[in-house]
Number of protein chains: 2
Amino acid sequence: MARALAPAQIDVSADLIRAAGVKVTRGRVRVLDALHSARQPLSHAELEARLGDPAEPAMDRVTLYRILDSLVACGLALKAVDTRGVFRFSAAGAQRQHANHVHFRCTDCGGVFCLKAEPPPPPRLPRGFRLNEVAFDLRGTCAGCSLREGA
Amino acid sequence: MARALAPAQIDVSADLIRAAGVKVTRGRVRVLDALHSARQPLSHAELEARLGDPAEPAMDRVTLYRILDSLVACGLALKAVDTRGVFRFSAAGAQRQHANHVHFRCTDCGGVFCLKAEPPPPPRLPRGFRLNEVAFDLRGTCAGCSLREGA
DNA sequence: CCCGCAAATGCAACAAGGTTGCGTTTACAG
DNA sequence: CTGTAAACGCAACCTTGTTGCATTTGCGGG
Ligand SMILES: [Mn+2]
Ligand SMILES: [Mn+2]
Ligand SMILES: [Zn+2]
Ligand SMILES: [Zn+2]
């Protein structure tokens, strides 16, 4: 009861996981759902907080690490290190939606913020070079961290 | 005795440190020397190993962290995170020259190419955000790799 | 529907990298 | 030379991430 989800919408994550050839577990589905509904790459700690569903029995810290590793291994998630040296995870496929705008990376908390502006056109490349991706990243301190530390 | 150093060469690090407006200590001089003579950015662990001078009393782990922080704070060293999430330090001045132009990173061979173009002006930031650094990186395959693989 | 087994999970212990608190020592301005 | 703020050494602590092992679970095959 109280399970009001659009039938066409449920189990998208489960299907992806099955298609990737690994076991479909409650944990993997929850984590992949969280990654899909996130607007920026999430750290292990942020995921743990976001997964705090009172109904669910709160998954183990190590299990979350292993789930993330398995999602990366089968190509469903991407892993990258942030400015603080902490790993952040994002749903694969979601990265293309971040291709066309600028990102701000807080050197203090490691947070990633999507800005509205789109990246400027790339300069002319030397002969023979093939462009694949443009990364226009701004680094500094976010509003929260600036406040907290900024005297 | 046994102190055979070219007179013009000695104390360059000490002078830099003094000019930066912080106290000149044996530890800071040793670390800045090590950073200057390194060919790549060094991690805390690598520095600790490299500083294993039997004559000196082997500086404390925490002190090394604090020395590195102080060198970064006064602009004599740069701190960056590597792909494993570990901080690496380098003498400033070496990289300063790469601050004001665009880079192309070959995803195939890992090479970094400096382009002539300077990075475009950053977009307006949300309220409270403080900008420190702008990175405009292009990713793709360089001329050599494009040729070799480009069938 | 049930079984068996590999894969996944939970828990405890561990490890590396980094930070904090505090008493002692040291650089250096006056 | 002296006083003092800054730097140092040491112990304890924290966060992020990993490993070993016993228990549970997804799921293919009967
Ligand atoms: Mn984005
Ligand atoms: Mn350059
Ligand atoms: Zn921040
Ligand atoms: Zn290349």
Side-chain angles (χ1 to χ4, degrees), chain A residues 11 13-32 41-51 53 56-74 76-77 79-89 106-111 145 148-149, chain B residues 11 13-32 41-53 56-74 76-77 79-89:
Chain A
D11 281 345
S13 291
D15 288 345
L16 283 169
I17 293 166
R18 209 182 337 269
V22 296
K23 286 190 183 176
V24 179
T25 70
R26 207 186 334 233
R28 293 219 252 246
V29 173
R30 276 213 284 161
V31 172
L32 191 52
L42 300 177
S43 67
H44 175 277
E46 289 167 349
L47 274 163
E48 221 176 2
R50 187 167 303 214
L51 261 45
D53 186 337
E56 301 282 335
M59 99 179 59
D60 185 71
R61 221 170 60 81
V62 177
T63 300
L64 178 52
Y65 275 116
R66 292 202 267 233
I67 285 176
L68 287 168
D69 281 348
S70 77
L71 292 178
V72 170
C74 71
L76 291 175
K79 182 181 186 178
V81 69
D82 73 14
T83 52
R84 262 181 14 194
V86 174
F87 291 118
R88 286 177 175 271
F89 301 85
C106 178
T107 49
D108 216 47
C109 66
C145 291
R148 208 176 356 273
E149 99 189 24
Chain B
D11 282 346
S13 291
D15 288 344
L16 283 169
I17 293 168
R18 209 181 337 269
V22 296
K23 287 191 182 175
V24 179
T25 69
R26 202 177 343 217
R28 292 219 251 245
V29 174
R30 276 213 285 161
V31 172
L32 190 53
L42 300 177
S43 67
H44 176 276
E46 289 166 350
L47 274 164
E48 221 177 2
R50 187 167 305 215
L51 261 45
D53 185 337
E56 302 283 335
M59 100 179 57
D60 186 71
R61 219 170 61 83
V62 177
T63 300
L64 178 52
Y65 275 116
R66 291 201 268 231
I67 286 176
L68 288 168
D69 282 347
S70 77
L71 292 179
V72 170
C74 71
L76 291 176
K79 182 180 185 177
V81 67
D82 71 13
T83 51
R84 267 185 12 207
V86 175
F87 292 120
R88 288 178 173 273
F89 301 85

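Each chain gets a letter, A, B and so on, in the order the sequences are listed, and its residues count up from 1.
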> So which nucleotide from C/dC11, D/dA11, D/dT16 ends up closest to the side chain of A/Val62?
Replying inline: C/dC11
> Do A/Leu76 and A/Val22 have side-chain heavy atoms sitting under 4.5 Å apart?
Replying inline: no
> Any donor and acceptor pair, going by atom type alone, linking the side chain of B/His44 with main-chain N or O of B/Arg61 inside 3.5 Å?
Replying inline: yes
> How close or far is atom P of C/dG18 from atom OH of B/Tyr65, stated in whole angstroms?
Replying inline: 4 Å
> Considering only side-chain heavy atoms of B/His44, which listed nucleotide, C/dG18, D/dC21, D/dC8, is closest?
Replying inline: C/dG18
> What's the closest nucleotide to the A/Met59 side chain, out of C/dG10, C/dG18, D/dA7?
Replying inline: C/dG10
> Given atom CG of B/Asp69 and atom P of D/dA6, what is their separation to the nearest angstrom?
Replying inline: 16 Å
>> Which is more 5' along DNA chain C, the nucleotide nearest B/Arg26 or the one nearest B/Val86? Just name the residue.
In response: B/Val86
> Rounded to whole angstrom units, what separation is found between the CZ atom of A/Phe89 and the P atom of D/dG17?
Replying inline: 7 Å
> What nucleotide, of D/dT16, D/dG17, C/dT9, holds the atom closest to the side chain of A/Thr25?
Replying inline: C/dT9
> Per the end-axis method with five pairs at each terminus, what is the bend angle of the helix from C/dC1-D/dG30 to C/dG30-D/dC1, to 10°?
Replying inline: 30°
> For the side chain of A/Lys23, counting heavy atoms from C-beta on, which of D/dC27, C/dT20, C/dG18 is nearest?
Replying inline: D/dC27
>> Could you tell me if the side chain of B/Met59 sits less than 4.5 Å from the side chain of B/Val31, heavy atoms only?
In response: yes
>> I need the CD1-C1' distance between A/Ile17 and C/dA7, as an integer number of Å.
In response: 14 Å
>> Among D/dC10, D/dT18, D/dG26, which nucleotide has an atom closest to any side-chain atom of B/Asp60?
In response: D/dC10
> Rounded to whole angstroms, how far apart are CZ on B/Arg66 and P on C/dT26?
Replying inline: 16 Å
> Between B/Asp69 and B/Arg66, is there a salt bridge with N-O shorter than 4.0 Å?
Replying inline: no
> Considering only C/dA13, C/dG21, D/dC21, which nucleotide approaches the side chain of A/Arg61 most closely?
Replying inline: C/dA13
> To the nearest angstrom, how far is A/Phe87 atom CZ from D/dT15 atom C1'?
Replying inline: 14 Å
> C/dT9 P sits how many Å from A/Leu68 CG, rounded?
Replying inline: 11 Å
>> Are the side chains of B/Val81 and A/Thr83 in contact, using a 4.5 Å heavy-atom criterion?
In response: no
>> Using only atom types and a distance under 3.5 Å, with no angle test, would you say the side chain of A/Asp11 pairs donor to acceptor with the backbone of A/Asp15?
In response: no
>> Of the listed nucleotides (D/dC10, C/dT9, D/dA7), which one gets closest to any side-chain atom of B/Arg28?
In response: D/dA7
> Where each residue is assigned the nucleotide of DNA chain C containing its nearest heavy atom, which of B/Arg84 and B/Arg18 is assigned the position nearer the 5′ end?
Replying inline: B/Arg84
> For the pair made of CG in A/Asp11 and P in D/dG26, what is the distance, rounded to whole Å?
Replying inline: 14 Å
> Mind checking what makes salt bridge (Lys or Arg N to Asp or Glu O under 4.0 Å) contact with A/Lys23, not counting sequence neighbours?
Replying inline: none
> Is there a side-chain polar atom (N or O) of A/Thr63 under 4.0 Å from OP1 or OP2 of C/dG10?
Replying inline: yes
